[in-house]
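In what follows, every chain begins at residue 1, and chains take the letters A, B, ... in the order their sequences are listed.
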2 protein chains.
Amino acid sequence: MNTEKKHYQRPLNFKTGKVEMNFGAGGKASSQLIADLFAKNFANEYLLQGDDGAYLPPLKGNIVISTDSHVVTPLFFAGGNIGSLSVHGTVNDVAVCGAKPLYLTAGFILEEGFPMSDLKIIVEDMAQAAAEAGVLIVTGDTKVVEKGKADGVYINTCGVGIVPEGVHLSGAFCKPGDVIAISGDIGDHGIAVMSERVNLGFETGVKSDTASLNRLTQALVSQIPSLRCMRDPTRGGLGTTLNEISKQSGVGMILEEDQIPVKESVEAACEFLGLDPLYVANEGKLIAICGQQDAEKMLAIMRSDPLGKNAQIIGQCIDDENHFVQMKTAFGGFRMVDYLTGEQLPRIC
Amino acid sequence: MNTEKKHYQRPLNFKTGKVEMNFGAGGKASSQLIADLFAKNFANEYLLQGDDGAYLPPLKGNIVISTDSHVVTPLFFAGGNIGSLSVHGTVNDVAVCGAKPLYLTAGFILEEGFPMSDLKIIVEDMAQAAAEAGVLIVTGDTKVVEKGKADGVYINTCGVGIVPEGVHLSGAFCKPGDVIAISGDIGDHGIAVMSERVNLGFETGVKSDTASLNRLTQALVSQIPSLRCMRDPTRGGLGTTLNEISKQSGVGMILEEDQIPVKESVEAACEFLGLDPLYVANEGKLIAICGQQDAEKMLAIMRSDPLGKNAQIIGQCIDDENHFVQMKTAFGGFRMVDYLTGEQLPRIC
């Protein structure tokens, strides 16, 4: 027992070490992992309280809570990794509800034997993503499961944010005539991850768009009075997300295919992989819908943000009792855009 | 494609069905799982908003946030399952910080092929545990990973609660002379789970104590002015948790072995399994520490709650620059109680 104790009083080996079962057992090794890795990188006054939860100051106004578990494979991909993604994903889910994200929690499920060097990079990138988004990781949890009972690391994040007074957005608030915008090129994240899986990363050269959208969303919230709804089209892509909104609001939608921005490289990779960019995941793109009177202003605000420089108005909500999403194709015809029905891209986030 | 679409418009098969990859792909199958299982069981106005996060009313005062990922094996054990445990665990982490838990999030990682009938029981038990604790599951997330990349189901919950005015508890607030109480018999949860693993469940007859402690904690918070700290001794058990508190507060502790309540059946099972009940996990027990003047009142309040009927004063904080936790044994000697150092009980919660 004494040997073991001494072992864990030595620094953790972040070069050649591996995740061990006792890192998750709640004893001395767990404490050391928290101190040497998580507390060190995420350091803030709340996390350092060291109690079972974070004790936080009062929040003014309505709040938004959101959660996502991240199981992306591979863990590292062009443009990011599961660490940065797990921050961006939840920051964005809170932000698109109109809130300013303040706090994140982080729950790690680690697979025994996972390289500590990789874990360190993932945690450092989470810390950097949180700092860039202006959010604090205030509390967390680590579990370890036996080799073969996970896939390296899974990360759950939960986010809490505050909503400015008078703001209430929802996918249920859209009306016929409302204008639909997207903040930039679609499909980058999904194609970056899929390219890694099939060893085409170098050929496609596509990078994930994974990023926190909260500065852009807050600009829209404060300046667009008729803003109805924002959404980040992740799993299921633009096509599925617009279907969800149309059903929530009880409207139809008409999209203009030639206004939907897609990189040539993404288009080519989609053709090669048999994917439709409309259903490919994004992790740094924003759908925003507002009244017609604010359409140009919304587009200008989007384009003034580096993350929205390729923003486009891509369509409009219409009166349609079937709540169909339709697309006017480049050839002048119409096609139906349904929900994603199969498992086009499993474990994309 | 059309066949597939029709397939998912049929009800999900909760009798003989299995979890499929596309339940987590964000498309139609994901929507159906949310509607037919999660929304149906967790139903509340916030969850039914159907946006990327839950939009919630203002919270008055300080707040507490906590999170836990649950990876317990086996998923079902005497006295509970991963579903009820995932609610109790996070409700308790919020409650021991002095807060009234209000909201939970739920993040599921499902393994492809997991029986839908088991998932249904787990979700129903989560819903029941949440209702009993008076908390709402307001938002969630579901991911599916390939067979062999998880172990049935992992559940992350994150909890948010509000702290009554003037209340601030922490493991850092204990002083020499403070009195330490435990709400009942220790080690039940760990032994219940371990017994299942070694097929001794029937012989030991021990049931997990998994339960929400928030009514008991709120009674203590409102009636014990000198309450310093509460903690639920889960992973690592009573011994590790008291070490954490003694280090946070910079005090030593003296425990009375003959005052620490342990069931005979748990004691016997511990002997058989080579475990020390001091380090065996609990999921429905409370450590509470207050000033000497309130000790009897604290004990009386604990004993008046069904979950605290076997409560005992088990020791005291002392002045000790080494911050050691020591135990006066039944034979009159002293032994050191250190942190759990090994991986005594992996995946116990």
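- Between B:Ala25 and A:Arg235, the closest heavy-atom pair is O-CB, 3.6 Å.
- Looking at heavy atoms from C-beta onward, A:Leu59 lies in side-chain contact with B:Ile63 at the 4.5 angstrom threshold.
- With a threshold of 4.5 angstrom between heavy atoms, B:Cys229 does not approach chain A through any atom at all.
- Contacts from residues 140-148 of chain B to chain A, taken as heavy-atom pairs separated by less than 4.5 Å, involve B:Gly140, B:Asp141, B:Thr142, B:Lys143, B:Val144, B:Val145, B:Glu146, B:Gly148 in sequence order.
- Against chain B, the residues from residues 44-53 of chain A that qualify, each with a non-hydrogen atom under 4.5 angstrom away, are A:Gln49, A:Gly50, A:Asp51, A:Asp52, A:Gly53 in number order.
- Contact count against chain A (heavy-atom pairs under 4.5 Å) is highest for B:Val64 among B:Val138, B:Leu169, B:Val64.
- Summarising the geometry, atom NZ belonging to A:Lys28 is positioned 7.5 Å from atom CG belonging to B:Asn243; distances are rounded to the nearest 0.5 Å.
- Taking B:Gln248, B:Met230, B:His168 one by one and counting their heavy-atom pairs under 4.5 Å with chain A, the maximum is reached by B:His168.
- Comparing A:Thr241, A:Thr105, A:Ile348 by how many heavy-atom pairs each has under 4.5 Å with chain B, the most go to A:Thr105.
- Looking at B:Val167, only its backbone comes within 4.5 Å of chain A, counting heavy atoms on both sides.
- Proximity to chain B among residues 92-100 of chain A is limited to A:Asp93, A:Val96, A:Cys97, judged by heavy-atom separations below 4.5 angstrom.
- Applying the side chain to side chain donor-acceptor pair (under 3.5 Å) rule to pairs touching residues 56-73 of chain B yields A:Tyr55-B:Asn62, B:Thr67-B:Asn156, B:Ser69-B:Asn156, sequence neighbours excluded.
- When the candidates B:Pro58, B:Gly26, B:Gly237 are compared by the number of heavy-atom contacts under 4.5 Å with chain A, B:Pro58 comes out ahead.
- Note: B:Ala150 leads B:Gly171, B:Cys158, B:Gly107, B:Ala150 in heavy-atom pairs under 4.5 Å with chain A.
- Neither the backbone nor the side chain of B:Ala281 comes within contact range of chain A; no heavy atoms are under 4.5 Å apart.
- With a 4.5 angstrom heavy-atom cutoff, B:Leu56 touches chain A via backbone and side-chain atoms both.
- Only the side chain of B:Glu244 has a heavy atom closer than 4.5 Å to any heavy atom of chain A.
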